[in-house]
Amino acid sequence: MKTLTVLASAAILLSATTQSAMAEHQNPFLEPYGTKYEIAPFDKIETSDFIPAIKAGIEEQEQAINNIIRNRATPDFDNTILPLENLSPILERVSGVFYHYMEALNTPEFAAMADEAIPLLNDANNKLMLNDLLFQRIKQVYDTRDKLGLNKVQKRLVEKYYRSFAEQGAALPADKKEELVKINDELSKLFIQFNRNLLNATNQFAVIVYDPKELSGLPESSVAVAADEAAARGLTQSWVFTLHAPSRLPVLQYADSRGLRKAIYQGYTNLASYGENSNLPVISKIVALRNEKAKIMGFDNFAQMMTSRVMAKTPEAATELLLQVFEPAVKRSHEEVADMQAYVDANGGGFKIAPWDYYYYADKVKKQKFDLDEAEVRPYFKLENVLKGMFDLTEKVYGVKMVPMADAPKYIEDMEVYDVVDAKTGEHISVFMCDYYPRDTKRQGAWMEQMQSAGLYGDGKMKRPIVYNVGNFTKPAGDTPSLLTIDEVETMFHEFGHALQGMLTTAPYKSLAGTNVDRDYVEMSSQMNEHWAFAPDVLKTYAKHYKTGEVIPDDLVKKLEASSKFNQGFVTTELAGAALLDMMYGQTPEVKDVKEFEKEVAKKIGMPEEITFRYRSPYFKHIFGDDGYASGYYTYLWAQVLEADAWEKFEKDGLFNKKTAESFKKNILESGDTEDAMVLFKNFRGHEPDAKALLRLRGFEK
């Protein structure tokens with residue numbers, strides 16, 4: 001077998017618009033859209049619209065800032081804080097689409113434009129967040145907040161603005177602000193480079209299979225997708241496997257060919273680690289600059305700065321939580337590896353389990369222990385059926401109905417748009433968009449974001465949000481529809497959990513609405529929603545065989561339930577290990593050799609050699625693609641403690657207990673950041689989070 005071919009491709013979008021038509025074109029970002037619910041008119045947006053709109057929005061924002069500063073009235077909530085919520089309608093409109101396209105529709109033409117746009121946006125943000133006169137007004141409102149007759153939510157908004165500006169360096173002396181601006185600018189360029197390298201490296205790698213014997217064990221749908229990929233590349237009598245999850249994961253889990261598994265595994269774990277797309281030097285620069293930034297802000301290291309802003313408060317507290325989970329997970333993973341090795345030995349394998357064997361032999365052991373073959377389950381997970389089941393569940397539990405909007409604007413044909421309404425009254429709640437299939441212009445992974453926030457706008461009107469989910473799920477191929485893996489089903493429910501928090505929010509101000517909550521709290525809703533996916537009563541509403549329409553049999557449901565705690569040692573170890581790696585990056589002043597640093601961390605924490613970090617550094621986008629989860633990847637586990645404890649309440653009260661569901665909706669999904677996260681959790685659960693709930697959920701402890 002020829003193992004792999006490195007291929008690169010780029011699509012240049014050429015405009016066929018005539019000069020006269022261009023003269024008539026109206027930039028859609030410069031005025032309110034005028035569409036239903038103000039959905040962006042994607043068909044009217046051209047790449048050339050972004051820069052003019054960004055510049056116009058920045059000018060509008062600067063004028064609004066000046067209006068606040070020049071106001072001679074004593075600073076208060078109405079003349080200082082409320083205007084900050086609505087500095088530039090133009091910039092809000094264009095930013096909502098720009099940042100979405102950056103991740104989901106990043107064509108070469110768009111990427112070239114983004115190189116010009118990002119510095120403009122960063123400079124505008126610096127001018128806002130480091131404006132001393134503006135900060136002094138905010139500080140005056142903050143200092144007098146108890147005397148202004150504000151309600152609890154208004155007071156929280158004041159405190160949030162003060163904290164946000166202070167954390168961005170607004171209180172620094174002029175020379176330190178100048179240093180900070182330079183560092184932020186350099187970091188933003190490095191983030192762009194990291195993401196571009198990762199996208200290019202992912203698209204350029206492929207394993208081309210010529211011998212059909214090498215396809216043994218693979219699901220029919222995976223083979224069909226590989227055949228379609230080969231045909232798209234002009235190849236005949238061959239199959240092409242890529243590093244996109246729908247192609248990569250079935251190979252690792254099902255391919256009998258150890259050579260094919262190894263090629264894909266090594267391709268993935270060396271992603272963006274060599275050649276012109278190497279992220280190794282980029283990471284070294286990011287780590288050093290973050291350390292400089294932390295010092296300027298008065299912290300010993302970057303991790304200390306980042307954890308000070310959330311529930312954990314210190315790197316030490318976050319690390320302690322991780323180790324509480326990591327150590328029992330590693331112990332369980334050793335037991336899992338022993339089971340796999342026994343299977344290999346019993347079947348005459350004659351080799352020691354390696355990382356590229358883990359998924360494959362975990363599946364074999366799972367089948368042996370529980371008589372469950374995931375390939376047997378997959379035909380019941382047609383994407384459209386899973387989506388409908390998820391929507392039906394949402395209506396039953398939260399009273400929210402998803403109504404298709406067939407005529408809604410779309411940026412790509414195979415996305416869907418829904419009007420989210422109250423099931424009883426029909427009142428509009430939100431717009432929901434989903435874009436689930438991989439393409440070359442979309443980054444890997446799955447995520448939720450919004451194009452329009454809920455809350456009070458400058459015209460005095462309350463607007464509802466426009467929320468979207470993006471994924472990279474298995475595409476239909478030939479006569480086979482999109483059949484999801486168990487992991488993909490979980491991912492769909494996970495991201496929709498984020499969407500629910502964004503869509504259902506009742507917070508009155510944009511900065512407090514939806515997912516604008518502490519980083520180590522934001523994953524609670526998403527991970528909580530995963531539990532519903534395989535609850536037997538829910539599963540039987542949507543898991544129907546794509547050929548026969550047969551509801552998933554009871555014995556298969558029981559097998560899924562019995563095996564739910566299987567392989568949790570691996571799952572938890574790779575996640576907690578990645579979180580510990582992230583935390584150590586944040587506490588290290590410089591990392592000259594990224595690969596060696598990874599090895600040292602793995603050795604220090606006792607990472608099993610059969611398991612790799614969930615993300616190796618060169619493709620650890622969560623922490624090096626931007627600052628979002630940097631020194632904060634641990635929050636997935638912290639949030640899992642919250643959701644494990646919360647789920648125990650649903651299990652105790654009954655999964656469809658109306659009172660419990662209403663309390664969860666009110667305190668968790670609707671509240672946003674209108675109250676301290678711990679208070680909201682205790683309002684729902686009745687006590688502070690119990691860390692052992694996660695150990696019980698994973699089967700590490702009874």
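Values reported hereafter were calculated over all heavy atoms of this structure, with side chains retained and with hydrogens, waters and symmetry mates removed.
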Hydrogens and angles aside, do [X] and [Y] bring a side-chain donor and acceptor to less than 3.5 Å of each other?
X	Y	value
Asn195	Lys621	yes
Glu643	His531	yes
Asn472	Arg443	no
Tyr37	Asp419	yes
Tyr411	Asp435	yes

> With a 4.0 Å cut-off, would you call Lys127 and Asp123 a salt bridge?
Replying inline: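 Salt bridge flag = yes for Asp123 with Lys127.
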
>> Apply side-chain contact (heavy atoms from CB on, under 4.5 Å) to residues Gln193 and Leu190 and explain how you reach the verdict.
In response: CA-CA 5 Å; Gln193 187 179 349; Leu190 290 168; 4.1 Å; yes

> Lys463 pairs by salt bridge (Lys or Arg N to Asp or Glu O under 4.0 Å) with which of Glu92, Glu85, Glu38?
Replying inline: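 In the set Glu92, Glu85, Glu38, the residue that makes a salt bridge (Lys or Arg N to Asp or Glu O under 4.0 Å) with Lys463 is Glu38.
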
> Can you list the steps and then say if Leu393 with Phe493 is a side-chain contact (heavy atoms from CB on, under 4.5 Å)?
Replying inline: CA-CA 11 Å; Leu393 168 73; Phe493 273 77; 3.9 Å; yes

>> Taking the side chain as everything from C-beta on, heavy atoms only, tell me whether Val431 gets closer than 4.5 Å to His428.
In response: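 Answer yes - side chains close enough.
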
> Does NZ or CZ of Lys388 fall inside the cone over Tyr542's six-membered ring, less than 6.0 Å from its centre and within 45° of the axis?
Replying inline: no

> Is it the case that Lys510 places NZ or CZ above or below the six-membered ring of Tyr457, under 6.0 angstrom from the centre and within 45 degrees of the axis?
Replying inline: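 Checked: cation-pi criterion met.
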
>> Quick check: closest heavy atoms across Tyr437 and Thr474, and the distance to 0.1 Å?
In response: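 Shortest heavy-atom separation between Tyr437 and Thr474 comes out as CE2-O, 3.5 Å.
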
Using the benzene-type ring in the case of Trp, are the ring centres of [X] and [Y] under 6.0 Å apart?
X	Y	value
Phe650	Trp532	yes
Tyr162	Phe135	yes
Phe620	Tyr633	yes
Phe77	Tyr509	yes
Tyr636	Tyr629	yes

>> Name the residue from Asn469, Leu484, Val470 that meets the side-chain contact (heavy atoms from CB on, under 4.5 Å) definition with Tyr436.
In response: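 Among Asn469, Leu484, Val470, the one meeting side-chain contact (heavy atoms from CB on, under 4.5 Å) with Tyr436 is Asn469.
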
>> Using side-chain hydrogen bond (donor to acceptor under 3.5 Å, both in side chains), reason through Asn122 and Ser188 one step at a time and then give a plain yes or no.
In response: CA-CA 8 Å; Asn122 288 336; Ser188 70; 2.5 Å; yes

> Yes or no on side-chain contact (heavy atoms from CB on, under 4.5 Å) for Ile81 and Val141, after CA distance, side-chain angles and deciding distance?
Replying inline: CA-CA 8 Å; Ile81 303 302; Val141 179; 4.0 Å; yes

>> Please verify the inter-ring angle class for Phe165 with Tyr161; under 30° counts as parallel, over 60° as perpendicular, anything in between as tilted.
In response: tilted

